[in-house]
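Beneath this line is the structure, given in structure tokens, with notes to follow.
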Amino acid sequence: MRAVQVKEFGGPEVLEVREVPVPQPDSGEVRVDVEVADVMFLDTRLRSGWGLDFFALNLPYVPGGAVGGVVDAVGAGVDPGWVGKRVVSQTAASGIGGGVPTGGYAEHALAKAETLVEIADGLSTEQAVALAHDGRTALALFDRAAVTPDTWVLVTAAAGGLGTLLTQLCVAAGAKVVAAARGTDKLALATRLGASAVVDYSEQGWAERVREITGGGARIVFDGAGGSLGAAALRATADAGLFLGYGSAAGGFVETGAETAVARGVTVLGLFDVVGGPIDWSALARRAQAEVVAGRLEVIVGQTFPIDRVRDAHTSIENRSALGRTLLTIAARL
């Protein structure tokens, strides 16, 4: 089968499509005939050699943590009724809490049976894969924030997969959203999705602009940017507000300014403060799918690439040109 391999750490040029053996499912696993694979910012970081003290990657490895397709084989102890079902899942070695995302950029991938979610009728495989990580995480963050009507909410990285979903969830809850992103295309997307105001964080003073718009700061901040942008978003949080930092697209999770924010009564939470406890991820995944099927959420897939253009997929994420989710299409039958 064809699969993308990383044989050495580096830029997108280290991604190579190669012929490798078809994997066989072990006990508790299934094999998925992959149609679509998710491409995450994390994939680009790991490919570059980042995070090796946390992610135990052994070269060569196949990137990718979520896939959608049809189950074509099951291992011991797995209900054979899964064969032929259209599913979305993390790959066998991936997961929340330190698992290594590996194996999705391939024509066949292994998945733990317990992580399988059948794709709802009326949902495309592309939509399901775009929701695989973002849908359930967005709902977990949104539920934790307890967004109420007329609350000012700031969403950074607002044109990304999670940001677009959080914007829509908050708007549907009656909140007033300030969407922060870089460039006119991304700001236009956030406006279309219902944001009350938009700010370009490539411009100086954008955090102060958020404080002006919201009359003193956003009561709730969903930060998908991290780094210096996240630190600015922390300053734009209202006194006694809630700051939820879940992303590192700008170069790392927010670390600076937290003590000052806490002194102002701001509650500062990271992603694992929200998702580290017991969560029914399958239920959240099904809920996200149901929201899309019902027309209450729109999945933004900004760009798709065939497997042979995997380098372009990574480049689009790293140069910040990507909108929403980035996907690889694997199977010709799509």
Side-chain angles (χ1 to χ4, degrees), residues 40-46 48 50-51 54 96 133-134 137-138 140-142 144-145 147 151-167 169-170 175 177-183 186-187 189-190 195 197-214 216-276 317-320 322-324:
M40 300 177 65
F41 178 69
L42 177 60
D43 297 348
T44 71
R45 299 292 302 278
L46 295 177
S48 71
W50 173 88
F54 185 74
I96 296 290
H133 292 110
D134 289 344
T137 305
L141 291 166
F142 175 76
R144 174 61 181 83
V147 177
T151 300
W152 276 108
V153 176
L154 169 64
V155 179
T156 70
L162 260 169
T164 55
L165 295 176
L166 285 167
T167 295
L169 289 167
C170 292
V177 174
V178 180
R182 189 187 306 272
K186 294 181 178 182
L187 298 179
L189 173 60
V198 295
V199 292
D200 190 324
Y201 48 44
S202 66
E203 300 176 358
Q204 290 187 349
W206 71 269
E208 289 69 27
R209 176 62 181 146
V210 173
R211 295 188 68 87
E212 292 174 3
I213 293 169
T214 59
R219 182 62 55 185
I220 299 169
V221 174
F222 294 104
D223 175 45
S228 60
L229 294 175
L234 194 54
R235 297 196 302 272
T237 309
D239 293 353
L242 173 63
F243 179 94
L244 290 157
Y246 63 87
S248 59
F253 295 99
V254 171
E255 296 179 356
T256 59
E259 290 185 5
T260 301
V262 170
R264 295 194 289 112
V266 176
T267 300
V268 180
L269 300 177
L271 178 61
F272 290 106
D273 294 319
V274 178
V275 305
I317 292 175
E318 291 181 309
N319 68 15
R320 305 293 193 267
L323 293 173

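Source: prediction; values computed, not measured.
Of all the heavy atoms in A158 and A179, the pair that sits closest is CB-CB, 3.6 Å. Here the closest non-hydrogen pair linking A145 and F222 is CB-CZ, 3.5 Å. Taking both residues in full, the closest heavy atoms of V274 and A140 are given as CG1-O, 3.8 Å, listed atom of the first, atom of the second, then distance. When all heavy atoms of W50 and L42 are compared, the closest pair comes out as CZ3-CD1, 3.5 Å. For A236 against A207, the heavy-atom pair with the smallest separation is CB-O, 3.8 Å. Minimum interatomic distance between R182 and S202 (heavy atoms only, all atoms of both residues): NH1-CB, 3.4 Å.
Annotation: salt bridge (Lys or Arg N to Asp or Glu O under 4.0 Å) contacts involving residues 233-242, sequence neighbours excluded, comprise D239-R264.
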Would D200 and W206 satisfy side chain to side chain contact (heavy atoms under 4.5 Å, CB included), going step by step from the backbone distance to the final call? CA-CA 7 Å; D200 190 324; W206 71 269; over 6 Å; no

Worked check of side chain to side chain contact (heavy atoms under 4.5 Å, CB included) between L141 and Y246: CA-CA 9 Å; L141 291 166; Y246 63 87; 3.7 Å; yes

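S48 OG to D43 CG: the interatomic distance, rounded to the nearest 0.5 Å, is 11.0 Å. For the atom pair CD1 of I220 and OG1 of T214, the computed distance is 12.5 Å after rounding to the nearest 0.5 Å. Rounding to the nearest 0.5 angstrom, the gap separating the CZ atom in F142 from the CG atom in L162 is 13.5 Å. For the atom pair CG of D134 and OG1 of T164, the computed distance is 7.0 Å after rounding to the nearest 0.5 Å. Note that the NZ atom of K186 and the OH atom of Y201 stand 6.5 Å from one another [nearest 0.5 Å]. For the atom pair Q204 CD and R209 CZ, the distance stands at 16.0 Å (nearest 0.5 Å).
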Can you give me every donor-acceptor pair (side chain of residues 265-273, partner residue at least two apart or in another chain, under 3.5 Å) with its distance?
{"from": "D273", "atom 1": "OD2", "to": "G270", "atom 2": "N", "distance (Å)": "2.7"}

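For the pair R320 (side chain) and E318 (backbone), a donor-acceptor distance under 3.5 Å is present.
The side-chain contact (heavy atoms from CB on, under 4.5 Å) with D223 is formed by just one residue from the set V155, L154, T156, L244; it is T156.
Every residue was checked against the salt bridge (charged side-chain N to carboxylate O under 4.0 Å, His left out) condition with R211, not counting sequence neighbours, and none meets it.
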